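The block underneath contains the structure these notes are about, expressed in structure tokens.
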Amino acid sequence: MNKVVANAKAAIQGIEDNMTLMLGGFGLCGIPENCISALVEANIKGLTCISNNAGVDDFGLGLLLQKRQIKKMISSYVGENDEFERQMLSGELEVDLIPQGSLAERCRAGGAGVPAFFTPAGYGTEVALGKEVRYFNGKPHILENALTADFAIVKAWKGDPMGNLVFKGTARNFNPLMAMAGKITIAEVEELVEPGELDPNFIHTPGIFIQRIFQGVNYEKRIEQRTVRQKV
Amino acid sequence: MNKVVANAKAAIQGIEDNMTLMLGGFGLCGIPENCISALVEANIKGLTCISNNAGVDDFGLGLLLQKRQIKKMISSYVGENDEFERQMLSGELEVDLIPQGSLAERCRAGGAGVPAFFTPAGYGTEVALGKEVRYFNGKPHILENALTADFAIVKAWKGDPMGNLVFKGTARNFNPLMAMAGKITIAEVEELVEPGELDPNFIHTPGIFIQRIFQGVNYEKRIEQRTVRQKV
Amino acid sequence: MLDKKGIAKRIAQELQNGWYVNLGIGIPTLIANYVPEGISVEFQSENGILGMGPFPFDGEEDADMINAGKQTITAMSGACIFDSATSFAMIRGQHIQLTVLGAMEVADNGDIANWKIPGKMVKGMGGAMDLVASADNIIVAMMHTNKRGVSKLLRQCTLPLTGVGCVKKIVTNLAVLDVTPNGFKLIERAPGVSVEEIQAATEGRLIVEGDIPEMKID
Amino acid sequence: MLDKKGIAKRIAQELQNGWYVNLGIGIPTLIANYVPEGISVEFQSENGILGMGPFPFDGEEDADMINAGKQTITAMSGACIFDSATSFAMIRGQHIQLTVLGAMEVADNGDIANWKIPGKMVKGMGGAMDLVASADNIIVAMMHTNKRGVSKLLRQCTLPLTGVGCVKKIVTNLAVLDVTPNGFKLIERAPGVSVEEIQAATEGRLIVEGDIPEMKID
């Protein structure tokens, strides 16, 4: 089973205007840089993007925002982005804000065939508007639906041709969950290894969730908040 | 943070008659042998055991059944056990049979603070009796509740004093899910390693889910169906 | 008439390149031996492995490597291991392209019963209810009649159900049948078996349209 | 009156041995610097790490190792990494013993608002709604009044809520207060701050019973 494609351009074939995409990453950490660039180049419009954040002005999903390719963002936190703010306030961009844990669980549920689940997060807030409320053990919960996407795009550290993935550090974040929830899931990896090179016991995302994989190039891996201490 | 206890006897302190336990394992693979022996020795009675299987007559949970320590089994498959059959048919043992995937997901939900979720499994069958039915995308689903336990008892390959666990092969099965769902979770491991010895990037069960850990002794790891092929 | 191996061989012809496949205990397990040349599939076992390989060589069994039938197994190159919740996420989330399992009874509306005989020992449904409720593509592999010669392809199941309206195709020792809104549609006859014999062994509604070809099995 | 460091130091006194703790952005982050001698806790960051350590040495930053504030971090010995669903399973499943976060407003029934100012930029709730809805033990760390001198401890929140009835304790530059069914109960005064000053800065119901001790901060 060989799911390898040549590059990001080949990987995003079939992504069309007005589709719904999931994109892994937290802030700028663990984002699919190559595929984002390819989406910019292909100038696909009207996208609904499900991603925890919306990048910064000149990197990550901010690049798609600049070119007005995104119609709607579904995220938990969208600070650090002036162009985002401008488009949202002017009404050009629809925004659906979701508690971070609900976002993660809704992606997992979408991939796991669980159409809805109850969570306490958001009860009594705007997030609960129009949602069913039910008490369990005396505590109020709201019903949240699963999320899926036409394409999910994730970034991993290593991957093999069958699509098995390994992530590095906190670049894991939403990637394994979104990988489960795409009708088609694309994985870009820093290193494409030979079949059998990844230990079957230590794979973060089983290849079954991945339809296309390629080794990315020129990763910038920009740091948003460089915080350091000095050696004494 | 050091969660190490001396042995199984110390680990099961606080388990009392009529409590609910979760026990990891699939068949005899990945079962907490040491703790089961300690429960037999302590002769704790009236237990409700949540475990995918019920062991065989003279091993695994079969040892607790022989001594009539189990009041109720919550499982997905309970063949291979004559004493189980006898007790069930005579009405001595209550049995609640649950689809395997629902059992796994209900344990995870219990640990993840998700009190209930919808699944298609069991719709239109005995399993759905008395459960809410709801259609999503035209397909019927039933509402299943989370499972938790007074104590969860799991078996891992390696573990460290903070409770971080690594499993080996298909001995992983229900163990990571039940580890999440115990009010107190006990881990017995084949090898207790030093803090920092396990790679943070490749831990199957984060230590936060574990309250007590010890290195087990004399693992038999019995094979239920020894199937082999001959070298040509 | 086919033997169990024949049923497995016929179902193996349904495999398509790149599919992930879950095989139940019994006849379905045999299918792994007959994957057609040039077809690459991966076998999932619901206790937590994808890329299940053949039985280990004598002396190389590992108690920590079993399949859902509790048999010792090996892992293929590129395999991966996961917990039971992730395993059923694959199944429930329809990431498996084909599920093959046995049955005690199948009704002509696709209902299946294969886990319980009331009054007799109940072993439990294991993963069968999740599998049949989730999979889009379910093939039942079974003998056409039970040991007493009674049809297992019924107008309505008499045993407690495992799932409703879920079976798409049935391969028996006598025939290949599709489940349609109007009943079992006969697709192929086993070698040497007549339409009349199949009709006689089928209690549920049987649809026979035109010439029914004989299966091709090596 | 306390400064931000002082607030962090006072909250650090609440830490108990063996606790898992989630610290929000801002004042809460500072708490990690003041863990009392002999107390061992582990810090969780909701983007997927348990056992978060100090900032890396200059030149040793790793873009793949950040906290929920997107700051570069290190991992302690015994740390572990996980995905966002597992991270919030820990939070929602109440495996975290203490959550400390900032707030724009807290009501005397425990309601909290800290994510949105209508008409101004909305940055989103991030993980705050999951944290406040799930945790049994939530401490709010904030200034007692806003920049315009208006109380942030209110009878009722005016901003869109993050969670209802969830805050248990508040530590401000002026006081430590418990949230009780009858309102904010004054527990401690900041050094040099009088009960009258606290009363004047508190819009919500304030309960003052007996002598209110002054905090002890090193």
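Atoms considered below: every heavy atom in the structure, side chains included; atoms not considered: hydrogens, waters and symmetry mates. Here the structure is a predicted model, which is why all the values come from computation and not from measurement. Naming convention: chains lettered A, B, ... in sequence-line order (proteins, then strands); numbering from 1 in each chain.
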Check whether D/N67 gets within reach of chain A through its side chain, its backbone, both or neither, counting any heavy atom under 4.5 Å. backbone

What closest approach, in Å, do A/T125 and D/G163 show between heavy atoms, and which atom pair accounts for it? CG2-N, 4.0 Å

Report yes if some heavy atom in the side chain of D/R92 is under 4.5 Å from a heavy atom in the side chain of A/E105; otherwise report no. yes

Chain D heavy atoms under 4.5 Å from A/E220: which part of the residue, side chain, backbone, both or neither? neither

Quick one: do A/E224 and D/Q71 satisfy side-chain contact (heavy atoms from CB on, under 4.5 Å)? Show the steps, please. CA-CA 7 Å; A/E224 246 175 294; D/Q71 298 171 311; over 6 Å; no

Heavy-atom closest pair (D/A133 atom, A/P120 atom, distance to 0.1 Å) is CB-O, 3.3 Å

When you measure from the centre of the six-membered ring of D/F57, is the NZ or CZ of A/R229 closer than 6.0 Å and no more than 45° off the axis? yes

Indicate yes or no for a side-chain donor-acceptor contact from A/T227 to the backbone of D/T72 under 3.5 Å, with no hydrogens or angles considered. yes

Select, from D/P56, D/A128, D/A113, D/S45, the one with the greatest count of heavy-atom pairs under 4.5 Å involving chain A. D/P56

Counting only heavy atoms not in D/K185 (residues, nucleotides, ligands), do more than 12 fall under 6.0 Å from its NZ? no

With a 6.0 Å cut-off (strictly less than), is the heavy-atom count around CD of D/Q156, excluding the residue itself, greater than 12? no

Quick check on D/F88 against chain A: is it the side chain, the backbone, both or neither that has a heavy atom closer than 4.5 Å? side chain

Tell me the closest heavy-atom pair linking D/G124 and A/L97, and the distance in Å. CA-CD1, 3.8 Å

Please determine, among A/N53, A/N173, A/I223, the option with the most heavy-atom pairs under 4.5 Å with chain D. A/N173

Taking the side chain as every heavy atom from C-beta outward, state whether D/M125 and A/V127 have any atom pair closer than 4.5 Å. yes

Measure the spacing between OH of A/Y123 and CG of D/L161 and express it to the nearest 0.5 Å. 10.5 Å

Does CE belonging to D/M104 count more than 12 external heavy atoms closer than 6.0 Å? yes

Does any heavy atom of chain A fall under 4.5 Å from the side chain of D/I66, the backbone, both, or neither of them? both

Side chain, backbone, both or neither: which part of D/A68 has a non-hydrogen atom closer than 4.5 Å to chain A? both

Who pairs with A/F118 by ring-ring contact (aromatic ring centres under 6.0 Å, His included), at least two apart in sequence or on another chain? A/F136

Just give me the residue among A/R108, A/R106, A/R222, A/K139 that pairs up with chain D most often, heavy atom to heavy atom, under 4.5 Å. A/K139

Which one of D/G165, D/P54, D/G48 has the most heavy-atom pairs closer than 4.5 Å to chain A? D/P54

Heavy-atom distances under 4.5 Å only: say whether D/T162 touches chain A with side chain, backbone, both or neither. backbone

Below 4.0 angstrom, N of the basic side chain to O of the carboxylate: do D/D83 and A/R172 qualify? no

Could you pull out the closest heavy-atom pair between A/Q225 and D/K70, with the gap in Å? CB-O, 3.2 Å

Under 4.0 Å between a side-chain nitrogen and a carboxylate oxygen: does that hold for A/K231 and D/E60? yes

Just give me the residue among A/G169, A/G101, A/A171, A/S102 that pairs up with chain D most often, heavy atom to heavy atom, under 4.5 Å. A/G101

Evaluate the side-chain proximity of A/K168 to D/M65: yes if any heavy-atom separation is below 4.5 Å, no if none is. no

Nearest-0.5 Å distance, CE of residue D/M52 to OG1 of residue A/T170: 10.5 Å

side-chain contact (heavy atoms from CB on, under 4.5 Å) evaluation trace for D/S84 with A/N52: CA-CA 10 Å; D/S84 300; A/N52 189 58; over 6 Å; no

Exceeds 12 heavy-atom contacts within 6.0 angstrom, atom CG of A/N218: no

With a cut-off of 6.0 Å (strictly less than), are more than 12 heavy atoms of other residues, nucleotides or ligands near CE of D/M76? no

Does any heavy atom of chain D fall under 4.5 Å from the side chain of A/L28, the backbone, both, or neither of them? neither

Taking atom CZ of A/F167 and atom CG of D/D64, what is their separation to the nearest 0.5 Å? 11.5 Å

Pairwise side-chain contact, A/F84 with D/K123, heavy-atom cut-off 4.5 Å (strictly under): no

Looking only at atom types and distance, does a side-chain atom of A/K221 sit under 3.5 Å from a main-chain N or O of D/D62, one as donor and one as acceptor? no

